[in-house]
Amino acid sequence: MTSRPETGSSVTGPAPGGAAAPRHVAIIMDGNGRWAQARGLPRTEGHRHGLEALRKIIRHASSRGVDFITLYSFSSENWRRPPTEVSFLMSLLRRFVQRDLSELHKANCRVRIIGEREGLDPGIRSLLEESERVTAANTGMTVVIAFNYGSRDEITRAVRKLTQRYLAEGRDPSAITDAEISANLDTAGIPDPDLIIRTSGELRLSNFLMWQAAYAEFYFTPVLWPDFGPEEFDAALASFCERERRFGGVTATGS
Ligand code: FPP
């Protein structure tokens with residue numbers, strides 16, 4: 001288990017059972033569309049309820065002592081969805097920042113945004129930048145919103161940036177290290193996720209934190225995202241606490 005720095009967050013206690021909570025939980029919030037369809041509602045209603053679930057989970061994760069929570073809100077592939085759904089998701093992001101930023105700030109949470117910002121609507125981009133700027137000095141839980149995010153795109157941008165820097169400095173790019181790649185990803189300064197949760201029964205990573213997930217534990221649940229509440233989150237934490245993490249090594253008691 002990683003040692004946990006003092007964060008001054010609104011942490012109220014450890015995960016059920018007294019075991020230490022994972023420091024960084026990342027979530028693929030899947031199943032909004034199916035949740036809506038099962039109720040005869042438009043898909044956008046699923047996303048609206050998904051935003052409610054996201055709010056509850058942010059509060060709950062902070063109360064469980066999580067230091068970083070990353071939420072996959074819009075992938076670089078989600079542009080392929082019908083334009084009405086894309087624009088609804090953009091409006092939800094706006095609503096989230098406009099309505100929830102002050103609450104997050106009051107709760108001492110820091111906001112970080114990962115994903116490609118080039119090409120985003122300038123209004124959305126400045127809201128994202130404002131949310132990072134306003135909360136930059138906070139010391140509580142960091143809420144990482146993955147928006148217009150895709151791992152392949154993130155890694156490609158990092159490698160391009162590093163190679164250009166090396167060449168400009170007359171250095172051989174074959175000396176690039178994995179630590180330098182990590183430090184040039186959008187997640188620079190954020191510890192790798194300990195636990196990745198995916199809802200809705202799908203068993204894949206879908207271009208999410210592929211570099212950072214090297215030693216993450218996975219938790220898959222059939223529950224659709226709008227129905228994923230604090231009890232479900234606690235079940236994921238409890239499952240994490242039962243895992244043995246070896247990071248490529250052997251158990252301490254092994255001969
Ligand atoms: C996947 O469900 C979910 C998304 C692509 C969007 C996630 C967005 C939210 C939870 C709302 C909060 C949003 C922001 C921007 C803060 P799906 O639509 O793929 O569900 P399906 O697989 O059942 O169709």
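Throughout, numbering of the chain's residues begins at 1 and tracks the sequence. Nothing here was measured: the structure is a model prediction, and the numbers come from that model. Remember, it's 1-based here, ligands and their atoms both numbered in the order they're listed.
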Within-cut-off N or O pair, Trp35 and ligand 1, under 3.5 Å
no
Flag Leu51 as yes when one of its N or O atoms lies below 3.5 Å from any N or O atom of ligand 1, and as no otherwise.
no
Arg23 pairs by salt bridge (Lys or Arg N to Asp or Glu O under 4.0 Å) with which of Asp194, Asp192, Asp67?
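Option passing the salt bridge (Lys or Arg N to Asp or Glu O under 4.0 Å) with Arg23: Asp67.
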Residues that, via side-chain heavy atoms closer than 4.5 angstrom, fall in one hydrophobic cluster with Leu162:
Ile155, Val159, Tyr166, Ile176, Ile181, Leu185, Trp211
Looking at residues at least two apart in the chain, or sitting in another chain, which of them share a side chain to side chain donor-acceptor pair (under 3.5 Å) with Glu232?
none
Looking only at protein heavy atoms, identify the closest one to [atom] and say how far it is in Å.
atom                    : result
atom 24 (O) of ligand 1 : Arg43 NH1, 2.9 Å
atom 3 (C) of ligand 1  : Met29 O, 3.1 Å
atom 19 (O) of ligand 1 : Arg81 NH2, 2.7 Å

Mind checking whether Asn78 contacts ligand 1 via backbone (N, CA, C, O), side chain (CB onward), both or neither, at a 4.0 Å heavy-atom cut-off?
side chain
Pick out which of Leu54, Leu71, Ile196 makes a side-chain contact (heavy atoms from CB on, under 4.5 Å) with Ile27.
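Answer to the side-chain contact (heavy atoms from CB on, under 4.5 Å) test with Ile27 among Leu54, Leu71, Ile196: Leu71.
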Phe74: heavy atom below 4.0 Å from ligand 1, yes or no?
no
To which of Arg95, Arg55, Arg94, His47 does the heavy atom nearest atom 11 (C) of ligand 1 belong?
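Comparing heavy atoms across Arg95, Arg55, Arg94, His47, the nearest one to atom 11 (C) of ligand 1 lies in His47.
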Heavy-atom pair with the smallest gap, counting every atom of Met210 and Ser151
N-OG, 2.7 Å
